[in-house]
There are 4 protein chains.
Amino acid sequence: MAILPEQFEIHPTSGAPIYRQLMDQVLALLAGKQIQPGEMLPSVREMAVALGVNPMTISKAYSRLELEGIVERVRGRGMMIREQKIEGSLSKRLQDLETALQPAIVRARQLGLRDDQITPLLHKLLREIPE
Amino acid sequence: MAILPEQFEIHPTSGAPIYRQLMDQVLALLAGKQIQPGEMLPSVREMAVALGVNPMTISKAYSRLELEGIVERVRGRGMMIREQKIEGSLSKRLQDLETALQPAIVRARQLGLRDDQITPLLHKLLREIPE
Amino acid sequence: MAILPEQFEIHPTSGAPIYRQLMDQVLALLAGKQIQPGEMLPSVREMAVALGVNPMTISKAYSRLELEGIVERVRGRGMMIREQKIEGSLSKRLQDLETALQPAIVRARQLGLRDDQITPLLHKLLREIPE
Amino acid sequence: MAILPEQFEIHPTSGAPIYRQLMDQVLALLAGKQIQPGEMLPSVREMAVALGVNPMTISKAYSRLELEGIVERVRGRGMMIREQKIEGSLSKRLQDLETALQPAIVRARQLGLRDDQITPLLHKLLREIPE
DNA sequence: GTGGTCTAGACCACC
DNA sequence: GTGGTCTAGACCACA
């Protein structure tokens with residue numbers, strides 16, 4: 001029921017803010033069902049030590065996940081993954097996905113990749129991050 | 001043979017740096033074959049006026065595109081779209097695409113979308129941005 | 001003459017401190033005349049078990065209520081609801097209410113609600129929590 | 001078109017976090033139409049000097065207002081008040097208001113105030129914070 | 001000029 | 001034990 005700090009890693013050189021990297025990893029682990037609603041995230045201090053960053057940076061990531069409704073604070077215990085609720089109409093969500101997918105396709109074409117090289121990769125990712 | 005500044009638009013509140021938005025639009029137009037190698041980008045001043053943006057910002061976008069080999073500086077004439085060359089081994093390029101694609105799939109799952117809702121959207125985008 | 005712990009509930013994720021939630025519920029039940037002066041609050045231990053909360057937290061809520069003159073400690077028996085006395089001049093009390101009411105009105109406006117949507121709600125609440 | 005830092009004040013003793021006080025004042029000024037969509041908030045540094053607090057504290061307030069959709073970042077210029085959009089069904093919004101209003105009524109009763117003392121105060125506030 | 005990020009370290013409220 | 005707040009000060013990205 002507790003998530004281990006070892007499941008997270010940050011790349012200090014990656015340009016992306018550390019707190020953002022952490023948030024994205026929580027979202028990715030959640031999408032990949034490697035962490036589940038009801039589980040507790042490692043405490044701020046524990047995570048800070050494990051990743052070698054300032055506790056406030058972890059705290060910032062957690063707070064923003066809380067504001068986005070991904071986790072909730074349980075007083076005196078820590079941060080818990082929330083039951084994920086799906087919002088918005090289907091068409092809105094498809095529009096949102098299109099916005100996220102379009103740059104990847106642009107990139108693919110820039111890399112000179114053909115449809116029959118792109119689709120298998122998509123299916124591989126869909127299997128790795130299951131419904 | 002000249003690209004019009006009207007083909008570009010920027011959202012100063014969109015989170016993404018303006019110079020990045022410009023670069024991404026050049027890449028998207030190129031991927032969608034709406035602009036072609038050999039064509040000239042609008043001059044920095046023209047673009048800056050049209051978009052209501054600081055000329056230095058346009059200049060930065062152009063310089064970055066030059067660094068990435070997308071355009072080349074033609075002395076006295078401006079920036080020209082280069083013939084696009086494909087670099088790297090296939091596996092490297094597939095790896096690159098996977099990195100670009102993965103966050104989009106994570107987003108799709110977070111939106112509660114199923115395989116049979118995601119794949120049609122991919123194929124639509126592949127048609128819009130052809131090989 | 002004894003108040004049941006079932007009349008209380010706490011939300012450990014709700015942002016508000018648990019001891020504050022408990023205090024507010026005592027005040028609300030009292031305002032709504034669902035509990036009366038002379039009645040005894042459940043014992044700290046009983047309440048702690050019923051709510052699944054640390055006894056120290058219950059104790060803190062009770063102590064605060066005692067400090068505010070809402071309840072009094074009866075040696076060997078527990079906490080009893082006191083006869084409520086009204087303090088301060090009318091203008092002071094109105095000022096106090098204004099301070100409590102203003103954020104609710106700000107919220108109402110932020111929600112785009114009009115006078116004719118707000119006043120009926122006020123009257124409903126005044127009926128539910130009678131003089 | 002620019003909002004003055006003099007319109008804001010913080011009470012360091014009030015218990016409420018400084019960044020929260022600032023957020024609430026922005027919301028209150030907006031509800032009272034003293035500031036309008038399209039206007040720019042004072043810069044983080046300017047506000048920090050005027051209020052005598054750390055710039056990061058101001059920044060935190062601004063970021064959270066941005067996350068809540070109250071203001072938006074205009075690159076290179078600062079934070080702009082957004083056009084406010086009203087969300088949720090009417091019944092949801094009324095429920096939200098009831099939650100905000102109920103504690104104020106409880107307080108009023110605790111202060112021994114009668115309906116005919118409470119309603120005039122409400123109407124006064126409704127006039128001060130107009131539709 | 002604008003806001004954003006991060007650190008080190010102090011202090012607080014709550015459970 | 002948990003998370004939250006604030007400071008002082010450094011440094012960065014962007015326009």
Side-chain angles (χ1 to χ4, degrees), chain A residues 10 12 15-22 40-48 51-66 71-80, chain B residues 10 12-22 48 51-61 64, chain C residues 10 12-22 48 51-61 64, chain D residues 10 12 15-22 40-48 51-66 71-80:
Chain A
I10 56 121
I18 296 171
Y19 83 91
R20 248 276 145 230
Q21 294 183 45
L22 229 188
M40 305 299 296
L41 286 177
S43 82
V44 167
R45 293 154 170 79
E46 193 183 354
M47 190 73 111
L51 300 183
V53 303
N54 189 299
M56 210 189 200
T57 305
I58 309 292
S59 186
K60 184 170 182 176
Y62 283 9
S63 297
R64 289 178 96 110
L65 286 170
E66 187 191 13
V71 304
E72 56 188 328
R73 240 172 57 202
V74 186
R75 304 205 70 108
R77 290 191 49 219
M79 306 299 272
M80 186 178 68
Chain B
I10 57 111
T13 72
S14 97
I18 293 172
Y19 83 90
R20 250 271 144 234
Q21 294 182 44
L22 229 188
L51 299 184
V53 159
N54 192 313
M56 270 181 43
T57 304
I58 309 292
S59 186
K60 179 167 186 177
R64 292 268 195 139
Chain C
I10 56 110
T13 71
S14 99
I18 293 172
Y19 82 90
R20 249 271 145 238
Q21 294 182 45
L22 228 189
L51 300 183
V53 160
N54 192 314
M56 269 181 46
T57 305
I58 308 292
S59 186
K60 180 168 185 177
R64 292 268 194 140
Chain D
I10 55 121
I18 296 172
Y19 82 90
R20 249 278 145 224
Q21 293 182 44
L22 229 188
M40 305 300 295
L41 285 177
S43 83
V44 168
R45 292 154 172 78
E46 192 182 352
M47 191 74 111
L51 300 184
V53 302
N54 190 299
M56 211 189 200
T57 304
I58 309 292
S59 186
K60 184 169 182 177
Y62 283 10
S63 297
R64 289 178 96 111
L65 286 170
E66 187 191 16
V71 304
E72 57 189 327
R73 239 173 57 202
V74 186
R75 303 205 72 105
R77 289 191 51 219
M79 307 299 271
M80 186 177 69

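Throughout, protein chains are lettered first and strands after them, A, B, ... in sequence-line order, and every chain is numbered starting at 1.
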Check: What string of B, S and - do you get for nucleotides 4-9 of chain F, 5' to 3', if B is base contact, S is sugar-phosphate-only contact and - is no contact with any protein heavy atom under 4.0 Å?
Finding: SSBBB-
With sequence neighbours excluded, residues passing side chain to side chain donor-acceptor pair (under 3.5 Å) with [X]:
X: B/T13; value: D/E72
X: A/E66; value: none
X: D/R45; value: none

Check: To 10°, what angle do the rotation axes through the five end pairs on each side of the helix from E/dG1-F/dC14 to E/dC14-F/dG1 form?
Finding: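 If I round to tens, the end axes sit 30° apart.
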Measure the distance from [atom1] on [X] to [atom2] on [N] and round it to the nearest whole Å.
X: A/I58; N: F/dG3; atom1: CD1; atom2: P; result: 11 Å
X: C/Q21; N: E/dA13; atom1: CD; atom2: P; result: 18 Å
X: A/R75; N: E/dC14; atom1: CZ; atom2: P; result: 7 Å

Check: B/R20: what forms a salt bridge (Lys or Arg N to Asp or Glu O under 4.0 Å) with it, not counting sequence neighbours?
Finding: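 Scan of B/R20 (salt bridge (Lys or Arg N to Asp or Glu O under 4.0 Å), adjacent residues dropped) gives B/D24.
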Item checked: Stepwise side-chain contact (heavy atoms from CB on, under 4.5 Å) check, A/M56 with A/K60 -> CA-CA 6 Å; A/M56 210 189 200; A/K60 184 170 182 176; 6.0 Å; no
Notebook entry, point to check: Would you find a donor on one side and an acceptor on the other, under 3.5 Å apart, between the side chain of D/R73 and the backbone of D/G78?
Noted result: no
Check: Can you check whether D/Y62 reaches D/P42 side chain to side chain, under 4.5 Å on heavy atoms?
Finding: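 Yes, at least one pair of side-chain atoms sits under 4.5 Å.
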Next item on the list: Measure the CD1-CE distance between D/I10 and D/M47 for me, rounded to the nearest 0.5 Å.
Entry: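 Between atom CD1 of D/I10 and atom CE of D/M47 there are 10.5 Å.
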